[in-house]
Every structure is written in C-alpha cells, then in structure tokens.
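All residue numbers in this chain count up from 1 along the given sequence. Quick caveat: nothing in here was measured; it's all calculated off a predicted structure.
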Amino acid sequence: MQHNYEYETFDRTGIEPPRSYYIPFGENQEFVFVHGILDRTKSNRLISLDGEWEFKAHEDIAEVELSEKLTDKIPVPSCVQMHGYDKIQYINSRYPFPVDPPYIRVKNPAFHYRRAFDIKDATQKYYLNFEGVDCFFYVYINGKKLGYSQISHATSEWDITPFIKSGSNTLDIIVIKWCAGSYLECQDKFRFSGIFRSVYLLVRPNEHITDFKLETRFNENDGIITVHNLSNIEFTVEILGEREKIALDKTIEFTVQKVERWTTENPKLYDIVLSANGEKILQRVGFRSAKLCLIRTLGLGVFHSLIANPWAANLCTIL
C-alpha cells in the first residue's frame, strides 16, 4: 500500500468539520431512554457497524496491502492488544519510541480491518463516524481512499455519499500504532491500539441540520436558552411546547419561567428538539452557574474555585 508518511504530520484529511455531538432520529419516532440516557440504537437514522470485523496485524505499515486477504477476526470496538496482537505495554516516564518529533523512527505496527455493509437507498446522504481510534488511521471504501485521521479520543466523520453504491460496499481501515500525535498523547497509561469505540453510519436527508450551539443564562428566577443556527438550512426549535423557526446564521431565545436549577440532588434537564426535513435531534440542557472567588488574606492571594458547569460564570472579589 502506498503511503507518504502522513502519520508524521498533525493533519486530518477528508473529514467533516467538527460539530455538536448528536444522533438524529426520524421525525415520526419516539425518543427512547435507558436509565435516563437517550438510546441512540433505536434511531432509524443510525446503522451500527460494531461487531466482528476481518483483521490482520502487521509489524510495520510498509507491509500492508489494501487488497490482501484478512484471515483473522476481531470485535469492534476493542483494543488489539487484548486479543493477542502486538504487545501490552505500560510506560509512565518516557516515550515508547525514540524522541524526534514529529517523526517515528521505529517500525510502526499496523492493523488492517475490513467489513462489508449494505446500502438500500443511495439517494440519501451517508456519513461514516468513528468515535475513537488509537492512534492514526486511513479510510477506504470500495478501494477508494477517503482520507485519514488522528487524535485518538476525538470523533471523525466522513461524508461517504460519493463513494458508495446500492447493495454491498466494502470498508477498509488501516490503523497505525504511532503517529505525530503520539507525542502529544503520551501519558501515564497502557499503550493500546485499534478501533476502541463505536463505528456507525448516519443516514440523513440531502439537506439537513449540520451544527448548532446552545447557551443558557439566568434572568433573576427565569432561565434563558439561546439557540444559534450554524447550519446551512432553516430548522424548527421546540421547548416546553413552544415552537419557533430559526433561519441560517440566526439566533433565537426562549424563556423558561421559574427555571429549576441543575444540582447534584436534582439534575433537572430541559428537552430541546431541533427538526428539519424529516428528522429531529434531541438536546437536553441544564441551568447552573459557577463563581470564581478571589480571597485576599494578610497580603496573600488564595484562589478558591467553585467547580461547576461552564455554561454560566461570575467573578466576585472578597477583600
């Protein structure tokens, strides 16, 4: 497989811009909760790719061939070292490879994953999502390279619509153990590799909500929710039975009268539903403030932080 040592850069290519985290549901679906948490698996917009994948481990990335036969199996999500590949390694005081950033001056183990998935309606938009891969990986669909990504605990999303076809499609993932990002991710931990979080497809309308921002603040005993439309389309916002449309690049405010504050004892959340073109997105928000107090005693400055949600913050000075 041709490679140009992209893993020795800090780039990510081909992925969608970062966005708010959400899983859309069909507009006629009910939101389903498990232990108070939205059960995303019930969404008809989500196709899980978790499960058993074909697999082959290599001692170095130079050995990988895209068309090679993969004779092993491995569950996704998982860490390859927990299934007999590579080796379990724990280091807490030095790098596990010669230090020469951003270069990797050792053999770089690689792990080839493959699985097939079916597309029934290729007229919609399809997005491929990875919620965590350690530490660098290439993505191929039907033999075509989509790009590559790193930052192990960050999500990576690709618009795969131009690369898929109706019927069966093949997904190949080449995961590399070390990359330039490893210099930033080195810490006191076991060195695990692989697709360690869920992989799934999102099936969406051709025009859909992409991004938004929610902010909260207090107005005496009331709560104010500000919704920012960061998408390219208009969408509808509903909270406590009140519905309003918000145009692209615009904001809208809702007032929650006599708002209940979020506390550990009463973690009150308010449901906000965003909808457009046959799908809806649930966001749950709470109201809480934080104060940073500066205390001066005998000429010595002592800072005490009241740790809380950063949605709202005040600064007070006590002399």
(message) For Tyr127, run the side-chain hydrogen bond (donor to acceptor under 3.5 Å, both in side chains) check against Glu16, Glu157, His208 and tell me which one passes.
(response) His208
(message) Run the ring pair (Phe, Tyr, Trp, His ring centres under 6.0 Å) test against Tyr148 and tell me which residues pass, sequence neighbours left out.
(response) Phe136, Tyr138
(message) If the test is side-chain contact (heavy atoms from CB on, under 4.5 Å), which one of Val199, Ile195, Ile151 qualifies with Val133?
(response) Ile195
(request) Could you list the residues that satisfy side-chain contact (heavy atoms from CB on, under 4.5 Å) with Asp188, not counting sequence neighbours? (result) Tyr90, Asn92
(message) For the aromatic rings, using the six-membered ring if either is Trp, is the centroid distance between Phe137 and His112 under 6.0 Å?
(response) no
(message) According to salt bridge (Lys or Arg N to Asp or Glu O under 4.0 Å), who are the partners of Asp134, at least two apart in sequence or on a separate chain?
(response) none
Using a 3.5 Å cut-off and no angle test, enumerate the donor-acceptor pairs between side-chain atoms of residues 72-80 and protein atoms at least two apart in sequence or in another chain.
from  : atom 1 : to    : atom 2 : distance (Å)
Asp72 : OD2    : Tyr85 : OH     : 3.2
Ser78 : OG     : Pro75 : O      : 2.5

(message) Applying salt bridge (Lys or Arg N to Asp or Glu O under 4.0 Å), can you list everything that pairs with Glu253, at least two apart in sequence or on another chain?
(response) Arg217
Identify all side-chain donor-acceptor contacts of residues 38-49 below 3.5 Å with residues at least two apart in sequence or on another chain.
from  : atom 1 : to     : atom 2 : distance (Å)
Asp39 : OD1    : Thr41  : N      : 3.2
Asp39 : OD1    : Thr41  : OG1    : 2.5
Asp39 : OD2    : Thr41  : OG1    : 3.4
Arg40 : NH1    : Tyr21  : OH     : 2.5
Arg40 : NH1    : Glu131 : OE1    : 3.3
Arg40 : NH1    : Glu131 : OE2    : 2.8
Arg40 : NH2    : Glu131 : OE1    : 3.4
Ser43 : OG     : Pro24  : O      : 2.5
Ser43 : OG     : Arg45  : N      : 3.0
Asn44 : OD1    : Gly26  : N      : 3.3
Arg45 : NH1    : Gln124 : OE1    : 3.3
Arg45 : NH1    : Val203 : O      : 3.3
Arg45 : NH2    : Gly278 : O      : 3.1
Ser48 : OG     : Asp50  : N      : 3.2

(message) When you measure from the side chain of Tyr22 to the backbone of Thr210, do you find a donor-acceptor pair of N or O atoms at a distance under 3.5 Å?
(response) yes
(message) If the condition is side-chain contact (heavy atoms from CB on, under 4.5 Å), which residues does Phe10 pass it with, not counting sequence neighbours?
(response) Pro102, Ala180, Leu184
(message) According to side-chain contact (heavy atoms from CB on, under 4.5 Å), who are the partners of Asn229, at least two apart in sequence or on a separate chain?
(response) Ser231, Phe235, Ile246, Leu248
(request) With sequence neighbours left out, write down each residue that passes side-chain contact (heavy atoms from CB on, under 4.5 Å) with Glu242, or none if nothing qualifies. (result) Glu244, Phe254
(request) Would you mind listing every side chain to side chain donor-acceptor pair (under 3.5 Å) that reaches into residues 94-111, with sequence neighbours excluded? (result) Asp100-Arg105
(message) The criterion is salt bridge (Lys or Arg N to Asp or Glu O under 4.0 Å); which residues satisfy it with Lys189, sequence neighbours excluded?
(response) none
(message) Using a 4.5 Å cut-off between side-chain heavy atoms of Ile, Leu, Val, Met, Phe, Trp and Tyr, which other residues end up in the same hydrophobic cluster as Leu230?
(response) none
